[in-house]
Amino acid sequence: IDRLPAGFIAWCPNLHTLSLRDNRLASVVGLVEQLPPHLQHLDLRGNPVTQFASDHDRRLFREAVMALLPELHRVVL
């Protein structure tokens with residue numbers, strides 16, 4: 001998939017774990033907008049959105065996603 005479907009939050013409001021590994025996700029904004037607020041674990045490995053030039057960029061991305069979703073405990077990039 002290249003993005004989460006519109007309304008994904010409404011379909012899965014209490015989802016705790018989501019693996020989107022090895023897809024074609026390319027938009028950070030489109031992804032974060034559709035993630036359920038109670039998500040605790042997120043796996044994004046193997047997506048264009050997780051291809052970083054440096055470890056610093058990877059860390060900043062992880063921190064930004066975790067700041068937007070306060071209940072998120074783990075992001076796998």
Side-chain angles (χ1 to χ4, degrees):
I1 63 171
D2 57 1
R3 61 185 160 89
L4 290 177
F8 186 77
I9 290 174
W11 299 339
C12 309
N14 296 317
L15 188 68
H16 291 273
T17 301
L18 180 61
S19 177
L20 295 168
R21 187 175 182 170
D22 297 326
N23 283 286
R24 293 171 292 167
L25 298 170
S27 170
V28 175
V29 174
L31 172 66
V32 173
E33 286 179 339
Q34 293 299 325
L35 291 176
H38 299 294
L39 194 65
Q40 295 179 8
H41 302 279
L42 178 61
D43 185 346
L44 295 173
R45 290 176 284 184
N47 284 283
V49 75
T50 60
Q51 303 304 310
F52 301 101
S54 69
D55 287 336
H56 177 73
D57 292 343
R58 178 181 302 276
R59 184 176 52 79
L60 288 177
F61 179 85
R62 179 179 284 119
E63 289 173 1
V65 171
M66 293 183 83
L68 292 168
L69 296 164
E71 292 190 32
L72 195 61
H73 298 294
R74 183 171 184 216
V75 179
V76 181
L77 305 173

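No experiment lies behind these values; they were computed from the predicted model shown.
Put simply, Leu69 and Trp11 are part of the same group of oily side chains (I, L, V, M, F, W, Y) that touch within less than 4.5 Å, one to the next. A single hydrophobic cluster is not seen to contain both Met66 and Val29; linkage of ILVMFWY side chains at heavy-atom distances under 4.5 Å, directly or through other members, places them apart. Tracing side-chain contacts under 4.5 Å through hydrophobic residues (I, L, V, M, F, W, Y), one reaches Leu42 starting from Phe61; they form part of the same cluster. Linking ILVMFWY side-chain heavy atoms closer than 4.5 Å, directly or via other members, places Val76 and Leu39 in two distinct hydrophobic clusters. Following chains of ILVMFWY side-chain contacts shorter than 4.5 Å, one can reach Val49 starting from Val32, so the two form part of one hydrophobic cluster.
Here the CG-OG1 distance, from Leu20 to Thr50, works out to 10.5 Å after rounding to the nearest 0.5 Å. Put simply, CD on Gln40 and CZ on Arg74 are 13.0 Å apart, with the number rounded to the nearest 0.5 Å. Taken from CZ in Arg58 to CZ in Phe52, the straight-line distance is 6.0 Å, to the nearest 0.5 Å. Note: Ser19 OG to Arg45 CZ = 7.0 Å, rounded to the nearest 0.5 Å. Between atom SG of residue Cys12 and atom NE2 of residue His38 there is a gap of 13.0 Å, rounded to the nearest 0.5 Å.
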side-chain contact (heavy atoms from CB on, under 4.5 Å) assessment of Leu44 paired with Leu31: CA-CA 10 Å; Leu44 295 173; Leu31 172 66; 3.8 Å; yes
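Looking at Asp43, its side chain never comes within 3.5 Å of a backbone N or O of Arg21 through a donor-acceptor pair. Counting only distance, with no hydrogens or angles, the side chain of Asp2 and the backbone of Arg24 share no donor-acceptor pair below 3.5 Å. Here the side chain of Arg3 pairs no donor or acceptor atom with the backbone of Gly30 at under 3.5 angstrom. A donor-acceptor distance shorter than 3.5 angstrom exists from the side chain of Asn23 to the backbone of Ile1, with no hydrogens or angles considered.
Each of Ile9, Leu68, Leu4, Leu15 was checked for a side-chain contact (heavy atoms from CB on, under 4.5 Å) with Leu35, and the lone residue meeting it is Leu4.
Closest of all the heavy-atom pairs between Pro13 and Pro36 is O-CB, 3.9 Å. Scanning all heavy atoms of the two residues, the minimum distance from Val75 to Arg62 falls at O-NE, 3.2 Å.
Remark: Gln51 engages no residue in a side-chain hydrogen bond (donor to acceptor under 3.5 Å, both in side chains) (not counting sequence neighbours).
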